[in-house]
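To keep things clear, I will list the structure first and then write my remarks on it.
In what follows, every chain begins at residue 1, and chains take the letters A, B, ... in the order their sequences are listed.
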Number of protein chains: 2
Amino acid sequence: MSFEDVPGLPSVEITLSPADRFREYLATQGMRLTQERATIVEEVFASHEHFDADQLVLRLSQRTDGRRVSRSTVYRALTWLENAGLLRKVARNNDRDVYELDYGYPAHDHLICKRCGDMIEFYNPELAAIIEEVGRTHGFRVEGHRLEVKGLCSACSRPNRKSHRKLDMI
Amino acid sequence: MSFEDVPGLPSVEITLSPADRFREYLATQGMRLTQERATIVEEVFASHEHFDADQLVLRLSQRTDGRRVSRSTVYRALTWLENAGLLRKVARNNDRDVYELDYGYPAHDHLICKRCGDMIEFYNPELAAIIEEVGRTHGFRVEGHRLEVKGLCSACSRPNRKSHRKLDMI
DNA sequence: ATGAGTGCAAAAAGTTTGCACCGCT
DNA sequence: AGCGGTGCAAACTTTTTGCACTCAT
């Protein structure tokens, strides 16, 4: 995954830390920010990379402080984090749901390479405008979107590439 | 699912029937259009509705002529149909891949209602142009895209709706 | 004879859930 | 006492695969 700053990319106001924001959301649902959930949020927001449930479980299992979290708890937390608007599912990869941060991170879409799986983020303001426009003409209240552009990244589309592979994750 | 004709929507040339097109593709792969595959293509192209593997299996099981096809064969055929460019995966619904016809059917995207699940198709030529442009600036060879716009359809966004529900498919 | 194709049942793989125990973020 | 939360293992879903047999698009 590669992230590229784009001039004019909208910035996002963050007043609460992800953990606090999550705590607030949980409170509205009559739930608590437990030690486990806090650990998960910390781990999730420690990186801006895309990830799936399995990778997150792996990262959590490698923590040196003793804050372990079970797989079930991770799955349950991912659902809540998504509902809370802190994460969003961006795609499917290797038959797994792929998540990315959706809090304190500007909206963007992805170019996904069919060959190496690389996900290139991009932001295009016209896109949002068009989507709004389309919604309007259909009386549809747009709340969000997900755009995956599939094709070949520059490395993989070069005929004599030195194999830009990585799709074969054991 | 609702389809609406949009002025200026690109038409698509169909010279071969879906079955013939599939036969041609299969030939290039050293495979044959068997009775089972023909039955599947016929069933798939009998409707323009979105569908998932399970629904297709169900439809096939209800045929009155004795042309039954096993579930495995359906899954295998869906993959080939996708590779052949006759079908494409458009979304996930109820944890299942959702397919739609991609042959003899103009390119389009979807507005998906979060409440009732309705999928409204639309086509916007500017969108394709922007996507091409974005790809170009990233040296990315665009082969296709998938855009899901989530929100509330007009019926569901009316405060005093008479419930436009249908998301509860057992 | 050849080799792709099929159906069945079993296996994968990701995700969800029942349940007993825990602990007060 | 109350109740949400956790971990574990079992269950569940969708999809894939091994295999023996079939069939000839």
Which whole-number value in Å describes the distance from A:Y25 OH to C:dT25 C1'?
17 Å
Sequence-distant partners of B:E42, salt bridge (Lys or Arg N to Asp or Glu O under 4.0 Å), two or more places apart
B:R63, B:R67
All side-chain contact (heavy atoms from CB on, under 4.5 Å) counterparts of B:S61, not counting sequence neighbours
B:L58
Residues in side-chain contact (heavy atoms from CB on, under 4.5 Å) with B:R71, at least two apart?
B:D54, B:V57, B:Y75
Drop me the distance from A:M119's CE to A:N93's CG, to the nearest 0.5 angstrom.
7.0 Å
Find the distance A:W80:CH2 to D:dG5:C1' and express it as a whole number of Å.
12 Å
Sequence neighbours excluded, the answer for salt bridge (Lys or Arg N to Asp or Glu O under 4.0 Å) partners of B:R68 is none
For atom CD of B:Q55 and atom C1' of D:dT14, their distance in whole Å
14 Å
Give one of base, sugar-phosphate or nothing for B:A38, where a contact means two heavy atoms less than 4.0 Å apart.
nothing
Tell me, for nucleotides 4-14 of chain C in 5' to 3' order, what letter each nucleotide earns: B for a base near a protein heavy atom under 4.0 Å, S for only sugar-phosphate near one, - for neither?
SSSBBB----S
In whole angstroms, the gap separating C1' of C:dT15 from CG of A:L56 amounts to 14 Å
Could I get the full list of salt bridge (Lys or Arg N to Asp or Glu O under 4.0 Å) partners for B:E126, not counting sequence neighbours?
none
In chain order, what residues pass the side-chain contact (heavy atoms from CB on, under 4.5 Å) check against A:E148, with sequence neighbours excluded?
A:A91, A:I112, A:R146, A:K150, B:R146
Counterpart residues, side-chain hydrogen bond (donor to acceptor under 3.5 Å, both in side chains), relative to A:T79 (two or more places apart)
none
So, using side-chain hydrogen bond (donor to acceptor under 3.5 Å, both in side chains) as the criterion, who are the partners of B:D95 when residues are at least two apart?
none
Among A:I40, A:L56, A:T34, which one satisfies side chain to side chain contact (heavy atoms under 4.5 Å, CB included) with A:V69?
A:I40
Mind checking which stems touch DNA chain C? I mean at least 3 consecutive Watson-Crick or G-U pairs, both distances under 3.5 Å.
C:2-24 with D:2-24
Can you name the side-chain hydrogen bond (donor to acceptor under 3.5 Å, both in side chains) partners of B:R88, sequence neighbours left out?
B:E100
Below 4.0 angstrom, which residues in residues 57-67 of chain B have at least one non-hydrogen atom near DNA chain C?
none
